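Written below as structure tokens is the structure these notes are about.
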Protein chains: 2
Amino acid sequence: MFKLNKMTDYAIVCICILSKKMDRFINAQEISHEAGISLATVQKIMKLIVSKSDFITALRGSSGGYKLTKKANEISIINIIEMMDGPVCITDCVDGNHERCSSSENCFLEGNWNNINMIIRNTLQSYSIADLMCSDPISYLYKNHSNEDEFNKMELS
Amino acid sequence: MFKLNKMTDYAIVCICILSKKMDRFINAQEISHEAGISLATVQKIMKLIVSKSDFITALRGSSGGYKLTKKANEISIINIIEMMDGPVCITDCVDGNHERCSSSENCFLEGNWNNINMIIRNTLQSYSIADLMCSDPISYLYKNHSNEDEFNKMELS
DNA sequence: TTTAAAGAGTACTAAAAAAGTACTATATAA
DNA sequence: TTATATAGTACTTTTTTAGTACTCTTTAAA
């Protein structure tokens, strides 16, 4: 299944939660509770985000936690995706990789994968955290069941 | 890294190779040679493709092999991707998954992930095998080095 | 009719990646 | 000074992906 990995997905959820309460520091426990993600995992993700991003401040000690320094509409989801996952390259035949393959002179698919990749990347770039959250929030719990079973049933019928 | 898995990538390469020679059956060994992918892996992929797609014919015995029954411009790459990988759902909060999560009433990101997912899916749908191959082929060898190292260097600088 | 060559099907193994856990160090506010 | 929170690191487990091996079936040509 062509999808973002869970940690990236979690990271986006965590940042969404922070973006709702920019007036104070939110600690990992509170994020864990709101997101429905285990504390240990939230801690791991938040450490990673802080070390890699420029839009979050962490504070230690009691009444510490995390706070965004940019507004939700200033944070593109591509930032979070590439921070967690590395570059968006849907195949190896993509990107500013100008060095030639040792086993081939050139790749006959390279140029066109680049086009497709660019469109996908632009799509992700054009959405901010604010865009993702624009509908009415009913619950912040992370939805973690898969669509795969349903798809497989469809295939058979 | 947000990317298609290798088998899907290989499958597209194999089908591209078949699309260049629609007049006769091409066997797995020939595909393996042209694609630079091991024979065993090509065999595995081709078996999968035949069992799941409606645009390829297989013939056993000597002078057997595989042949496309549709032209390259009639095969969308989304067909191959979803055949190999299942549905394109960049997060779990996506798709015609109308059943509610057991742990939450609703997902506050669901609707907007659906939009993003749809755009990505449409992009992939709009490209055919012919589109992927439209530039001059220099070599059919599969390019399998990664961009990740180069990206990591960029990050540090 | 026999034989060699090809794909089909299945099960297994190995490798890689992802996810989760645990522990120590450091900083901060009360 | 103490309790609380993040930072850093290493490790383990689980899951997914990739690759291999073997037997069965079909087909065309000798």
Side-chain angles (χ1 to χ4, degrees), chain A residues 1-11 13-14 18 24-33 35-53 56-68 81 83-86 89 91-92 142 144-146 148 152, chain B residues 1-11 13-14 18 24-33 35-53 56-68 81 84-86 89 91-92 142 144-146 148-149 152:
Chain A
M1 178 129 94
F2 184 52
K3 62 153 69 171
L4 296 176
N5 70 41
K6 264 193 187 179
M7 290 297 156
T8 304
D9 194 354
Y10 287 161
V13 173
C14 292
L18 291 181
R24 63 181 176 90
F25 285 88
I26 313 293
N27 68 33
Q29 204 144 30
E30 192 171 344
I31 297 170
S32 161
H33 185 256
I37 303 168
S38 82
L39 177 59
T41 300
V42 169
Q43 286 172 327
K44 181 179 180 172
I45 290 166
M46 293 311 298
K47 278 181 266 188
L48 236 165
I49 296 175
V50 169
S51 73
K52 293 204 170 190
S53 85
I56 198 163
T57 305
L59 181 68
R60 301 184 189 189
S62 51
S63 70
Y66 303 95
K67 199 161 82 172
L68 294 183
I81 292 170
M83 197 170 73
M84 297 294 291
D85 242 8
C89 299
T91 71
D92 289 332
Y142 180 76
N144 65 349
H145 57 244
S146 161
E148 205 140 10
N152 289 336
Chain B
M1 179 129 93
F2 184 51
K3 63 153 69 170
L4 296 176
N5 70 41
K6 264 195 188 179
M7 290 296 157
T8 304
D9 194 354
Y10 287 161
V13 173
C14 291
L18 291 181
R24 63 181 177 88
F25 285 88
I26 313 294
N27 67 35
Q29 204 143 31
E30 193 172 344
I31 296 170
S32 162
H33 186 256
I37 303 168
S38 83
L39 176 59
T41 299
V42 169
Q43 286 173 326
K44 180 179 181 172
I45 290 165
M46 293 311 297
K47 277 182 268 190
L48 237 166
I49 297 175
V50 169
S51 73
K52 294 205 170 190
S53 85
I56 197 163
T57 306
L59 182 68
R60 301 184 189 188
S62 51
S63 70
Y66 302 95
K67 200 160 83 172
L68 294 184
I81 292 170
M84 297 294 291
D85 243 7
C89 298
T91 71
D92 289 333
Y142 180 74
N144 66 348
H145 57 243
S146 162
E148 204 140 11
D149 293 342
N152 290 335

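Values below: all heavy atoms of this structure, side chains included; hydrogens, waters and symmetry mates excluded. Everything quoted here is computed from the prediction, not taken from an experiment.
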Any sub-3.5 Å donor-acceptor pair from [X]'s side-chain atoms to [Y]'s backbone N or O?
| X | Y | result |
| --- | --- | --- |
| B:Ser32 | B:Ile37 | yes |
| A:Ser51 | A:Leu48 | yes |
| B:Thr8 | B:Leu4 | no |

| request: Report yes if a donor N or O on one partner sits less than 3.5 Å from an acceptor N or O on the other, where the partners are the side chain of A:Lys47 and the base of D:dG8; otherwise report no. | output: yes
| Student check: side-chain heavy atoms of A:Val50 and A:Tyr66 closer than 4.5 Å | yes
| query | Are the side chains of B:Tyr10 and B:Thr41 in touch, meaning some heavy atoms are under 4.5 Å apart? | reply | yes
Which nucleotide in the list [options] gets nearest to the side chain of [X]?
| X | options | value |
| --- | --- | --- |
| A:Ser62 | C:dA29, D:dT6, D:dT20 | C:dA29 |
| B:Tyr10 | D:dA28, C:dG20, D:dG19 | D:dG19 |
| B:Arg60 | D:dA28, D:dT4, C:dA6 | C:dA6 |
| B:Ala58 | C:dA19, D:dT6, C:dA8 | C:dA8 |
| B:Lys44 | D:dA5, D:dA18, D:dA28 | D:dA18 |
| B:Gln29 | C:dA8, C:dA6, C:dT21 | C:dA6 |

| said: What's B:Phe25 touching, base or sugar-phosphate or nothing? Going by heavy atoms closer than 4.0 Å. | reply: nothing
| message | Need one value for A:Met46: base, sugar-phosphate or nothing, where a base atom within 4.0 Å counts as base even if backbone is also close, heavy atoms only. | response | nothing
Provide, to the nearest angstrom, the distance between the [atom1] atom belonging to [X] and the [atom2] atom belonging to [N].
| X | N | atom1 | atom2 | value |
| --- | --- | --- | --- | --- |
| A:Lys67 | D:dT6 | NZ | C1' | 16 Å |
| B:Leu48 | C:dA11 | CG | C1' | 15 Å |
| A:Met7 | C:dA19 | CE | C1' | 5 Å |
| B:Leu39 | C:dA6 | CG | P | 10 Å |
| B:Asn27 | D:dA28 | CG | P | 14 Å |
| B:Gln43 | D:dT26 | CD | C1' | 15 Å |
| B:Tyr66 | D:dT26 | OH | C1' | 13 Å |
| B:Lys52 | C:dG9 | NZ | P | 13 Å |

| field | 5'-most by nearest nucleotide on DNA chain C - A:Thr41 or A:Gly61 | value | A:Thr41
| remark: Residue pair B:Leu59/A:Leu59 against DNA chain C: nearer the 5' end by closest nucleotide is B:Leu59
